[in-house]
Amino acid sequence: MDYNELARLLAAHGQEHVLAFWDELSAAERETLSRQVEAIDWDTLALFSRPEDLSGGKIEPIPMLSAEEIARDSKIYRKAGREGIVAGKLGAVLLAGGQGTRLGSSGPKGAYDIGITRPLYIFEQLIENLLAVCRDCGATVPLFVMTSEKNDNETRAFFRAHGNFGYPAEFLRFFKQDMAASVDFSGKLLLESKGSLALSPNGNGGWFSSLLKAGILADFPAVEWLNVFAVDNVLQRIADPVFFGATLLSGKNCGAKGVRKAYPEEKVGVLCLKDGLPTVVEYYEMTEENNNRRDRNGNLLYSCGVILNYLFRLEKLRGVAGKKIPVHVVKKKIPHIDGAGRLVSPEEPNGYKFETLILDMVRLMESCLPCEAVREREFAPIKNKTGIDSVESARELLKRNGVEL
Ligand code: UTP
């Protein structure tokens, strides 16, 4: 787009200030800014003042395959899962495009060293967990690592520098997620510099469209299922044959690992049925009444807390690829330049980012098998430096599970 076209487009959305420094920009910077503006989804941006209403709908509990039931039938599940893995039907997707702001590390979160007497990087621990399954099955699971514009080079270089932590390069692929613009509280686009919008990763809900766009699924034509998982749970079971087998045999389009909520108001998304479809309801959307409802045995009725470990049937994913999922408008601290071109690093949230979330894809799958994961054995998330869900708490859980630090 040339200057006039850009100016017209921006003016139509009340965003003329984006071109304030145009005269100072080089040809390359103008090109970058122009491409960024062209890529803006204006409908999404407009949501800052009228976020989608995600409440409502009839909420009902969804039965979860309990840890006891899984243990009872584990032989059958494991056999089916292993056969699927050996046949190359399962791929794994590591979501590593987030910024890990709560952890406060500047590099990719997976490059964080959680070791005590030796270096142990988060990526290394995850790869080790996956390699253990590959060794057990005698087959390698294709691993797709999602990065973002912000950490792609660093992530790839980190893997290279560490010999991919032993993962065979022919089974490893990287792909980048898309970026989204952010706005201040009055809906004005924020600029990161004179020649660039303040862009940030567009949430983990865009993983499948970005994976498709990258065209790398075609390298593994036998893959029929994808196990998607977060970078920050170091006790994560990836390509767990039992989970995979149980989901395969259930005939459902999706499987979700969940831990039993520790207490009614725990801040985790809860897998429920909403108007008959499996849906993850965010903790802040759950009513107090539902949070506290119990079954005859005194167990919480809405107890399946999701831990971002899902299995998706590829065919179904392809079928719903163009469908919209909700955009979450999130208040954040967004560094930007002011009208005079000076950098501002806010101490408090100063604007909105727009993100889609993977948990909203469960509903599109239409059927889902929730499988209980035993918290102490499978859930050690690293979100913060100290306290709850921190490096400290994850180290403790790793040690209890026999990992030497
Ligand atoms: P979180 O919601 O914990 O976000 O991500 P985060 O960016 O890692 O951390 P904070 O909120 O800034 O502290 C859950 C998972 O989704 C991935 C993360 O890398 C993590 O594995 N993610 C998140 C993406 O891949 N892309 C995103 O845009 C956001």
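Start at 1 and go down the list; that is how both ligands and their atoms are numbered.
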Checklist line | Shortest reach to atom 10 (P) of ligand 1 by a heavy atom, considering only L103, T101, L94 | finding: T101

Checklist line | Pair N384, R102: side-chain N/O donor-acceptor within cut-off below 3.5 Å | finding: no

Next item on the list: Could you say whether the N/O atoms of G203 and ligand 1 ever approach to under 3.5 Å?
Entry: yes

Note to self: Which of the numbered atoms in ligand 1 are under 4.0 angstrom from any heavy atom belonging to P201?
What the structure shows: 28 (O)

Note to self: Show, in sequence, the C-alpha distance, side-chain angles and deciding distance for T117 and L405, and conclude whether the side chain to side chain contact (heavy atoms under 4.5 Å, CB included) test is met.
What the structure shows: CA-CA 6 Å; T117 60; L405 296 167; 5.7 Å; no

Check: N/O to N/O below 3.5 Å, does that happen between V231 and ligand 1?
Finding: yes

Check: With atoms numbered from 1 as shown, which atoms in ligand 1 lie under 4.0 angstrom from a non-hydrogen atom of K383?
Finding: 1 (P), 3 (O), 14 (C)

Note to self: Between D338 and G341 (side chain of the first, backbone of the second, donor and acceptor by atom type, cut-off under 3.5 Å), is there such a pair?
What the structure shows: yes

Check: Counting from 1, what ligand 1 atoms have a heavy atom of G97 closer than 4.0 Å?
Finding: 19 (O), 24 (C), 25 (O), 26 (N)

Checklist line | Contact atoms of ligand 1, heavy-atom distance to L308 under 4.0 Å | finding: 14 (C), 15 (C)

Checklist line | salt bridge (charged side-chain N to carboxylate O under 4.0 Å, His left out): pairs with one or both residues in residues 385-405, sequence neighbours excluded | finding: none

Check: Is the side chain of S367 donor-acceptor paired with the backbone N or O of N253 at a distance under 3.5 Å, no angle test?
Finding: yes

Notebook entry, point to check: Against heavy atoms of K109, which atoms of ligand 1 measure under 4.0 Å?
Noted result: 8 (O)

Margin query: Any nitrogen or oxygen of F229 lying under 3.5 Å from a nitrogen or oxygen in ligand 1? Just yes or no.
Written below: no

Checklist line | Protein contact of atom 20 (C) of ligand 1 - nearest heavy atom, named by residue and atom, plus distance | finding: L95 O, 3.7 Å

Checklist line | Closest protein heavy atom (residue, atom, distance) for atom 22 (N) of ligand 1 | finding: G98 N, 3.4 Å

Note to self: Under 3.5 Å between any N/O of Q177 and any N/O of ligand 1: does that happen in this structure?
What the structure shows: yes

